[in-house]
Q: 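Following this message is one structure expressed as structure tokens.
Below, each value reflects all heavy atoms present in this structure, side chains not excepted, and no hydrogens, waters or symmetry copies. Note that the structure is a prediction, hence the values are computed from the model and not measured.
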Amino acid sequence: MAAPEAWRARSCWFCEVAAATTMEATSREAAPAKSSASGPSAPPALFELCGRAVSAHMGVLESGVWALPGPILQSILPLLNIYYLERIEETALKKGLSTQAIWRRLWDELMKTRPSSLESVTCWRAKFMEAFFSHVLRGTIDVSSDRRLCDQRFSPLLHSSRHVRQLTICNMLQGATELVAEPNRRVLETLASSLHTLKFRHLLFSDVAAQQSLRQLLHQLIHHGAVSQVSLYSWPVPESALFILILTMSAGFWQPGPGGPPCRLCGEASRGRATSRNEGSLLLGSRRPRRDAAERCAAALMATRRKSETKQMPRAAPATRVTRRSTHESLIASGTDLKRGLHPPATSHEASGTKRPPSTLAATSSASASSSTASSKRAPANSAPQPKPLKRFKRAAGKKGPRARQGSGAESEDLYDFVFIVAGEKEDGEEMEIGEVACGALDGSDPSCLGLPALEASQRFRSISTLELFTVPLSTEAALTLCHLLSSWVSLESLTLSYNGLGSNIFRLLDSLRALSGQAGCRLRALHLSDLFSPLPILELTRAIVRALPLLRVLSIRVDHPSQRDNPAVPGNAGAPSHIIGDEEIPENCLEQLEMGFPRGAQPAPLLCSVLKASGSLQQLSLDSATFASPQDFGLVLQTLKEYNLALKRLSFHDMNLADCQSEVLFLLQNLTLQEITFSFCRLFEKRPAQFLPEMVAAMKGNSTLKGLRLPGNRLGNAGLLALADVFSEDSSSSLCQLDISSNCIKPDGLLEFAKRLERWGRGAFGHLRLFQNWLDQDAVTAREAIRRLRATCHVVSDSWDSSQAFADYVSTM
């Protein structure tokens with residue numbers, strides 16, 4: 001009797017609270033009803049009025065509400081605001097209640113966006129709270145506009161911060177200043193433990209104060225936090241200072257900015273590092289020249305940025321253009337020696353008595369400048385379009401002027417823009433371009449020859465493991481900085497460079513990756529590289545990457561247009577360094593997944609076979625838009641896969657003309673090691689369909705290891721689908737459980753007959769069937785009946801596609 005009595009006591013308590021607040025709630029609800037033009041509406045139910053009253057007084061009644069019986073609590077949950085709904089989650093789960101439907105309704109009503117069809121939402125509460133945090137941070141949502149979002153007892157940012165797994169910073173670094181402000185210190189501390197991914201989208205030029213805030217934010221979230229991934233998206237004109245700041249902080253380098261508050265978390269860490277000199281000597285010692293060079297370069301970039309910000313903070317004098325002559329005069333007027341600014345008087349090696357003579361320094365500097373000029377002259381006229389160096393002070397195209405121009409809309413001057421002025425100084429007063437100067441100063445195999453300061457003044461902290469750059473054009477300066485950081489970035493596990501306009505900088509990237517591979521503890525296992533052009537043919541580039549990174553597990557590479565080396569007739573065709581495209585045999589590697597997207601033109605099969613032969617651990621291979629000179633070359637590739645890649649499980653071909661390679665396709669379907677094969681838009685049934693389909697079905701019926709077959713975009717039609725149904729007949733030994741027949745001109749009557757044949761053979765459920773973009777809308781009733789029958793056999797995934805868009809394709813198959 002104890003349980004019923006407790007239930008009755010709780011119910012009575014709820015009724016007492018409801019009775020005490022019903023009159024007030026009724027008067028509030030009745031007031032707008034009387035003023036309604038359409039007449040009084042039906043009053044809310046008594047239970048709903050009571051629930052609203054309880055929700056409004058949750059600050060006093062929270063513990064009592066948590067103890068309510070499940071049926072009553074289930075009706076109160078939709079009436080709570082998001083703060084108490086989030087707090088009661090654990091109690092609701094213990095009572096067997098779910099709040100997912102409530103959070104989904106809140107998402108639809110308040111966020112008013114539809115999640116991507118490719119996104120699988122496992123927890124709507126976490127998704128809502130993460131989006132709510134971002135909207136509040138950017139000021140794009142008014143919490144006072146809805147009672148479900150407003151509660152004076154809670155801080156929206158603090159309450160939702162523990163659900164944030166990824167944070168996106170856009171435009172002018174909105175939100176960075178707010179997060180590092182003292183009132184939001186607890187918010188930042190919570191983010192440091194919950195945030196895993198930091199994204200930057202559509203960044204614009206930012207001021208010094210915003211960059212200082214970003215520096216503190218990155219230091220807290222990366223160096224003292226749990227952020228493991230940094231991604232940059234769609235930055236058409238990257239600001240060099242901001243880009244390098246993000247890179248160096250992501251790589252673990254840290255030096256406090258001028259005038260910024262000291263980091264309270266660095267106190268004990270810095271004292272601990274100060275007593276340990278062995279670590280510093282290991283990082284900066286002569287036994288690791290590659291790492292020393294990277295750290296010296298990063299330190300120089302950060303040091304020049306600090307000098308720039310120190311001069312910018314006390315004054316905000318606008319300037320739109322800087323010339324070599326005016327820059328030289330301004331530095332002299334401020335008492336700064338240009339040569340001393342680029343070459344410190346003594347490094348740690350010079351202090352020990354190993355100072356180089358001045359002639360060596362001069363020769364090195366001139367050699368670097370001449371090397372940069374020569375490399376720019378060697379660039380072929382028809383090669384990859386390089387991103388032009390950023391002219392930060394130039395407003396419109398025109399002739400170069402000898403004087404710096406002042407204007408009301410000008411940007412603030414920045415010493416960082418001409419830190420490398422000595423490398424290309426000229427006596428005429430023509431305008432300076434950042435990329436040109438940076439290339440002249442940093443081009444060279446050993447950056448330490450420039451006399452850049454070592455990193456004793458900066459600390460090395462935790463760094464990220466995943467770096468992604470999508471559509472971020474890299475100038476020469478930015479590419480050099482990235483390459484120098486990569487050469488010692490041992491914690492990096494995954495690198496994505498997508499459409500960055502690397503051009504000839506790809507050779508520097510390969511050198512840095514080779515240096516990184518030689519570092520002890522290198523963790524780089526995944527590389528995704530795509531671009532419009534490449535100075536190397538894609539297969540030679542693949543060979544170079546595999547040779548430089550033998551421990552790589554995942555390699556995805558795509559080049560949209562042929563390189564100049566594919567056309568030897570083009571004048572000025574300069575070859576790549578010999579150590580990158582050597583003819584020696586590729587050593588055995590650890591590749592498990594290889595994805596390649598080819599430009600137009602026939603590819604040399606022997607080069608691809610050499611990569612496959614060295615990849616004995618390969619489990620997944622994907623070839624997109626590959627073209628071979630003859631079916632025999634394609635057969636050579638398949639034969640290599642059979643002999644050398646015994647662990648291969650998944651094979652995918654996309655946008656390849658295999659109409660003349662039907663015997664090779666049959667050879668693949670008879671391979672008893674493959675578990676999944678994809679022929680996507682490969683024109684399989686364009687020739688001899690009546691003869692080829694029975695042969696294909698016979699090969700599949702005898703293959704007991706093939707689990708998945710994907711045939712989208714091959715014009716299978718009704719006749720081909722019915723022939724394919726024979727794979728599931730009673731005399732078949734096939735174990736096929738996934739079939740994709742999307743975009744195959746299938747009509748409802750053919751699909752219905754296919755379903756009846758599966759029912760007749762009684763094979764039971766065989767897995768997944770994908771039917772996207774077929775002509776099922778021509779007879780909706782028949783299509784629904786076919787799908788109903790199929791769902792008794794397999795899991796069907798379809799869509800409501802308008803087949804009228806494919807009328808031309810239909811005519812071509814008649």
Side-chain angles (χ1 to χ4, degrees), residues 2-22 25 44-113 115 119-136 141 143 146-166 186-187 190-191 193-194:
E5 289 296 330
W7 182 293
R8 188 177 299 108
R10 293 297 180 187
S11 301
C12 292
W13 170 85
F14 179 76
C15 292
E16 290 175 1
V17 174
T21 55
T22 299
L46 177 62
F47 191 91
E48 182 179 355
L49 290 175
C50 299
R52 292 182 183 180
V54 172
S55 176
H57 296 82
M58 279 294 290
V60 179
L61 306 176
E62 182 176 9
S63 59
V65 173
W66 286 14
L68 284 174
I72 298 180
L73 183 61
Q74 184 175 13
S75 300
I76 294 179
L77 291 178
L79 304 175
L80 299 179
N81 62 38
I82 63 173
Y83 308 103
Y84 286 110
L85 183 62
E86 194 271 340
R87 287 165 61 91
I88 207 171
E89 177 77 17
E90 184 177 353
T91 301
L93 291 177
K94 291 180 180 179
K95 296 178 182 294
L97 305 177
S98 174
T99 62
Q100 290 299 304
I102 303 175
W103 288 109
R104 174 61 192 269
R105 184 167 63 252
L106 286 172
W107 176 275
D108 294 337
E109 295 176 359
L110 298 176
M111 299 303 169
K112 300 179 181 179
T113 57
E119 180 183 6
S120 177
V121 181
T122 58
C123 181
W124 282 100
R125 177 185 63 155
K127 182 175 179 61
F128 178 89
M129 297 300 280
E130 185 176 73
F132 177 67
F133 178 90
S134 299
H135 282 294
V136 173
I141 191 170
V143 295
D146 195 294
R147 67 171 184 84
R148 295 169 292 182
L149 305 178
C150 181
D151 196 313
Q152 298 298 327
R153 294 180 289 269
F154 298 97
S155 166
L157 287 178
L158 181 60
H159 196 81
S160 58
S161 58
R162 69 187 187 95
H163 296 283
V164 180
R165 297 295 178 266
Q166 70 177 25
R186 292 182 57 194
V187 176
T190 305
L191 283 179
S193 60
S194 66

Q: Using 0.5 Å steps for rounding, measure from the CG atom of N81 to the CG atom of D146.
A: 10.0 Å

Q: Are the side chains of W107 and V121 in contact, using a 4.5 Å heavy-atom criterion?
A: no

Q: What I'd like to find out is whether the side chain of K127 reaches to under 4.5 Å of the side chain of H163, using heavy atoms alone.
A: no

Q: Could you list the residues that satisfy ring pair (Phe, Tyr, Trp, His ring centres under 6.0 Å) with H159, not counting sequence neighbours?
A: Y83, F154

Q: May I ask you to decide if L77's main-chain N or O and T99's side chain share a donor-acceptor pair within less than 3.5 Å?
A: no

Q: With side chains defined as the heavy atoms from C-beta onward, is the minimum distance between Q100 and C123 less than 4.5 Å?
A: yes

Q: Can you tell me how far the CD1 atom of I76 sits from the CG atom of L85, to the nearest 0.5 Å?
A: 12.5 Å

Q: Sequence neighbours left out, what pairs pass salt bridge (Lys or Arg N to Asp or Glu O under 4.0 Å) with at least one residue falling in residues 73-87?
A: E62-R87, E86-R125, E86-R162

Q: Less than 4.5 Å apart, side chain to side chain, heavy atoms only: is that true for L191 and F133?
A: yes

Q: Quick one: are I82 and D151 in side-chain contact, heavy atoms under 4.5 Å?
A: no

Q: Sub-3.5 Å donor-acceptor pair from the side chain of S194 to the main-chain atoms of V164, do we have one?
A: yes

Q: Under 4.0 Å between a side-chain nitrogen and a carboxylate oxygen: does that hold for D108 and K112?
A: no

Q: Could you tell me whether a side-chain N or O of Q74 sits under 3.5 Å from a main-chain N or O of L97, the two making a donor and an acceptor?
A: no

Q: Can you list every salt bridge (Lys or Arg N to Asp or Glu O under 4.0 Å) pair that touches residues 66-76, not counting sequence neighbours?
A: none

Q: Apply ring pair (Phe, Tyr, Trp, His ring centres under 6.0 Å) to F128 and list each qualifying residue two or more places apart in sequence or on a separate chain.
A: W103

Q: Measure from the side-chain N and O atoms of K95 to the backbone N and O of P71, and report whether any donor-acceptor pair falls under 3.5 Å.
A: no

Q: Are F132 and L149 packed together at the side-chain level, in the sense that at least one heavy-atom pair is separated by less than 4.5 angstrom?
A: yes

Q: Could you tell me whether the side chain of L73 reaches within less than 4.5 Å of the side chain of I88, counting heavy atoms only?
A: yes

Q: Rounded at 0.5 Å granularity, tell me how far CD in E130 sits from NE2 in H135.
A: 11.0 Å

Q: The criterion is salt bridge (charged side-chain N to carboxylate O under 4.0 Å, His left out); which residues satisfy it with R186, sequence neighbours excluded?
A: none

Q: Just so I know, are the side chains of C150 and Q152 near enough to count as touching, which here means a heavy-atom distance under 4.5 Å?
A: yes

Q: Going by the rule side chain to side chain donor-acceptor pair (under 3.5 Å), which residues pair with S134 if we only count those two or more places apart in sequence or in a different chain?
A: none

Q: What do you reckon, is CD of E109 surrounded by more than 12 foreign heavy atoms closer than 6.0 Å?
A: yes

